[in-house]
Number of protein chains: 2
Amino acid sequence: MVKLTDVAKVAGVSPTTVSRVINNYGSLSETTKQKVFAAMQQLNYQPNSLARSLQGKQTKLIGLIFPSVANPFFGAMVSLLETQLFAKGYRVMLCNAGDDPDKERACLRMLMANQVDGIIAGAHNLGIQEYEQTGLPIISFDRYLSKTIPIVSSDNAQGGRQAGQLMVHAGVKRPHIITSWQQPNSPTNQRLAGYYAALKAAGLTASRSILNFQLSPTLKLVQIKQLLTRAERPDGIFCTDDLTALLVLQVAQQLQLQVPTDLSVIGYDGTPFMQAYHPELTTISQPIDDLVTLMIDLLLQRIKNTDCHLEAQYTLPVKVIAGTTV
Amino acid sequence: MVKLTDVAKVAGVSPTTVSRVINNYGSLSETTKQKVFAAMQQLNYQPNSLARSLQGKQTKLIGLIFPSVANPFFGAMVSLLETQLFAKGYRVMLCNAGDDPDKERACLRMLMANQVDGIIAGAHNLGIQEYEQTGLPIISFDRYLSKTIPIVSSDNAQGGRQAGQLMVHAGVKRPHIITSWQQPNSPTNQRLAGYYAALKAAGLTASRSILNFQLSPTLKLVQIKQLLTRAERPDGIFCTDDLTALLVLQVAQQLQLQVPTDLSVIGYDGTPFMQAYHPELTTISQPIDDLVTLMIDLLLQRIKNTDCHLEAQYTLPVKVIAGTTV
DNA sequence: TAAATATTGTCACACGTTTGACATTTAGGC
DNA sequence: GCCTAAATGTCAAACGTGTGACAATATTTA
């Protein structure tokens with residue numbers, strides 16, 4: 001491996017000088033700078049970030065913990081996070097925690113071991129204390145962790161309300177909602193509450209199904225089919241994620257239900273992917289770019305100054321993407 | 001930050017002993033082991049991997065370079081890679097290189113700087129020499145890089161042939177193919193060749209469009225619409241990726257073309273995602289699990305023994321996923 | 001030309017861990 | 001209680017880089 005001293009030899013200067021050039025400190029002449037840069041280029045030299053971090057500098061590493069990048073929503077989010085962080089000089093260590101608390105715990109431990117400068121967490125199988133124990137700057141996406149850890153999320157309550165209003169407006173009589181497994185600190189609770197509230201204002205009450213987030217699509221299909229073939233079948237379904245909405249549409253087609261005549265369907269997330277490949281789906285779109293930008297901004301603030309004051313919660317507005325399913 | 005010497009103090013032993021426990025070398029009694037483990041737990045101690053790697057150990061880091069995890073295919077692949085690598089004790093640094101050679105170059109440099117043990121690359125905007133320059137173990141997904149870098153891919157030629165045969169079998173008269181931008185070392189060339197060959201055997205020749213991989217879906221839609229509204233419009237389209245196939249279906253519906261009566265459509269990739277959410281699409285499925293397992297296996301071999309002999313190319317069979325679009 | 005300043009070199013220590021050499025203590029077996 | 005082996009401690013060097021102190025030049029300024 002080519003190291004600093006090798007560069008020094010080739011450039012014909014002392015190791016200290018090379019270090020000075022790299023870190024741009026002390027006083028340096030143009031000519032030596034050039035000599036050193038040339039030598040670095042010639043040897044394809046990269047300062048060993050292990051060594052520099054060990055020496056006291058930041059690692060410039062950020063840990064990302066999300067359920068799975070195989071999910072298009074998290075895929076899009078992680079992709080944006082990586083791109084923006086990279087542009088700011090940070091590197092990304094990725095963890096797919098799935099719905100496995102043990103894996104998430106292992107992820108945290110390894111991120112600590114790797115001395116990451118901070119963590120952005122979008123998977124939350126764990127309790128508060130495990131995250132606080134790390135002593136690292138953390139930003140949480142869309143789930144309550146603790147007072148000290150800021151949450152960034154879309155306005156779930158507003159999204160739920162808007163979905164409810166759309167249903168009311170469409171003249172839906174038997175509204176339904178499909179959420180993922182309820183957890184005390186889950187954002188879907190807000191979507192649920194907003195939905196209920198908007199419906200209640202119009203004198204409607206919604207029935208509800210719970211389909212665990214990580215359930216296989218096939219099993220979800222089965223349950224949706226049962227839902228849509230039961231006697232008093234719903235004529236409007238709000239799904240708290242777009243993928244489930246797609247499954248509902250799939251079952252509807254299979255059962256020859258006309259959408260939106262027989263059944264209205266609304267999703268949630270509205271990724272660019274969904275907008276491009278399923279423009280027909282009416283959905284509540286999270287401002288994914290802004291969410292990412294904000295999370296990064298907050299995290300970097302925390303990294304720069306550990307005890308800078310941040311709000312406990314940052315809520316960004318959602319937008320209705322009008323398709324043809326309502 | 002809690003360090004090895006802190007653990008030693010709490011456990012009431014010498015730092016060396018703690019190190020011995022962690023690395024399980026030298027002779028140790030059960031009781032001291034327990035004491036040390038207890039202290040580690042109590043302090044929530046994690047050995048600083050920077051320091052241990054610097055000292056000579058592996059970093060247990062693998063770099064992943066792919067166009068973007070926002071793409072469901074690469075999302076699925078990266079997700080599997082991370083999961084399997086994590087289980088083997090490796091951590092993952094993620095790079096979305098997009099179609100930007102500069103970003104890819106920057107990724108490589110930073111992976112070198114971070115002393116990764118190896119790289120799995122699925123983005124290939126760069127030439128051979130930039131990868132060889134790294135001096136690192138590398139496995140390439142689906143694209144030729146150089147003699148020394150093994151390629152793992154699905155059997156693109158076979159996939160193309162099967163698509164062609166499906167078209168022939170469906171009685172298609174004016175077959176078409178949509179590929180991404182041709183590059184000399186691109187796998188889509190093989191898909192093209194296989195497709196042409198199968199059609200030729202039946203006395204057919206296909207027309208061809210080229211839609212750059214990273215083109216926005218909206219722009220792709222425009223081009224596809226032009227294709228499907230021209231005088232001699234094709235009655236069978238093979239797309240070298242599933243997403244483009246979805247766009248074709250979308251346009252077909254818009255133009256009220258019956259699929260497969262008026263138009264047969266075949267995709268390529270067949271991720272679990274696609275199989276679940278678009279079971280209607282007939283597609284050529286890459287064995288994504290096997291591809292991932294193989295890539296990891298080969299990479300770890302190379303890491304264990306830098307000059308172990310590996311084949312230049314590993315080709316895994318594809319499978320037709322029969323939907324209703326042919 | 002002398003003084004002041006800018007540039008570069010030398011040296012040492014630090015970061016946290018691993019590991020080898022060696023010394024010392026403890027335990028077990030007779 | 002002696003001998004052997006096992007267990008633990010002490011110490012130092014190493015990994016590659018950063019940085020401060022100080023000395024030695026080279027260059028500029030007066």
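Numbered from 1 within each chain, the chains take letters A, B, ... in sequence-line order.
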Length of the line joining B/N23:CG and D/dT8:C1', which is rounded to integer Å
16 Å
Quick one: do A/L291 and A/D142 satisfy side-chain contact (heavy atoms from CB on, under 4.5 Å)? Show the steps, please.
CA-CA 10 Å; A/L291 288 166; A/D142 212 16; over 6 Å; no
Passes side chain to side chain donor-acceptor pair (under 3.5 Å), B/T16 versus B/S19? Steps please.
CA-CA 5 Å; B/T16 307; B/S19 180; over 6 Å; no
Give a yes/no on whether any side-chain N or O of B/S27 is located under 4.0 angstrom from OP1 or OP2 of D/dA6.
no
Considering every strand and a 4.0 Å limit on heavy-atom distances, what is the contact class for A/S29: base, sugar-phosphate, or nothing?
sugar-phosphate
Below 4.0 Å: OP1/OP2 of D/dT17 and any side-chain N or O of A/Y45:
yes
Bounded by its outermost nucleotides with an atom under 4.0 Å from a heavy atom of chain A, the footprint on DNA chain C reads C/dA6 to C/dG16
Rounded to whole Å, please give me the gap between CG in B/N48 and C1' in D/dT17.
14 Å
Give a yes or no on whether a salt bridge exists between A/D102 and A/R105, defined as a side-chain N under 4.0 angstrom from a carboxylate O.
yes
Describe, in one word, how the ring planes of B/F66 and B/F141 are oriented to each other, choosing from parallel (under 30°), tilted (30 to 60°) and perpendicular (over 60°).
tilted
Does the side chain of B/D117 pick up a donor-acceptor pair with the side chain of B/T59 at under 3.5 Å?
yes
Would you check if there is a donor-acceptor pair between the side chains of B/Y90 and B/E82 at a distance under 3.5 Å?
no
Looking at side-chain heavy atoms only, is the closest gap between A/D297 and A/Y314 below 4.5 Å?
no
Lys/Arg N to Asp/Glu carboxylate O, B/E132 vs B/K147, below 4.0 Å:
no
How close or far is atom P of D/dA14 from atom CG of B/L54, stated in whole angstroms?
14 Å
For B/T16 and D/dT8, is the shortest distance between a side-chain N/O and OP1 or OP2 below 4.0 Å?
no
Heavy-atom check, side chain of A/Y131 versus side chain of A/L108, under 4.5 Å
yes
Between A/E30 and A/K35, does any side-chain N to carboxylate O distance fall below 4.0 Å?
no
Atom-to-atom span, NZ of B/K57 to P of D/dA14 - whole angstrom
18 Å
Base, sugar-phosphate, or nothing for A/T32, non-hydrogen atoms under 4.0 angstrom?
sugar-phosphate
Rounded distance in Å - CD (B/E30) to P (D/dT8)
10 Å
So A/L28, base contact, sugar-phosphate only, or nothing? Heavy-atom distance under 4.0 Å.
sugar-phosphate
Rounding to an integer number of Å, can you tell me how far B/Q55 CD sits from D/dA13 C1'?
10 Å
What bend angle does the helix from C/dT1-D/dA30 to C/dC30-D/dG1 show across its length, from five-pair end axes and to the nearest 10 degrees?
20°
According to a strict under-4.0 Å criterion, is B/T17 in side-chain N/O contact with OP1 or OP2 of D/dG9?
yes
What is the distance, to the nearest angstrom, from the CG atom on B/L4 to the C1' atom on D/dG9?
14 Å
Specify the separation, in whole Å, of atom CZ of A/R20 and atom P of D/dA21.
13 Å
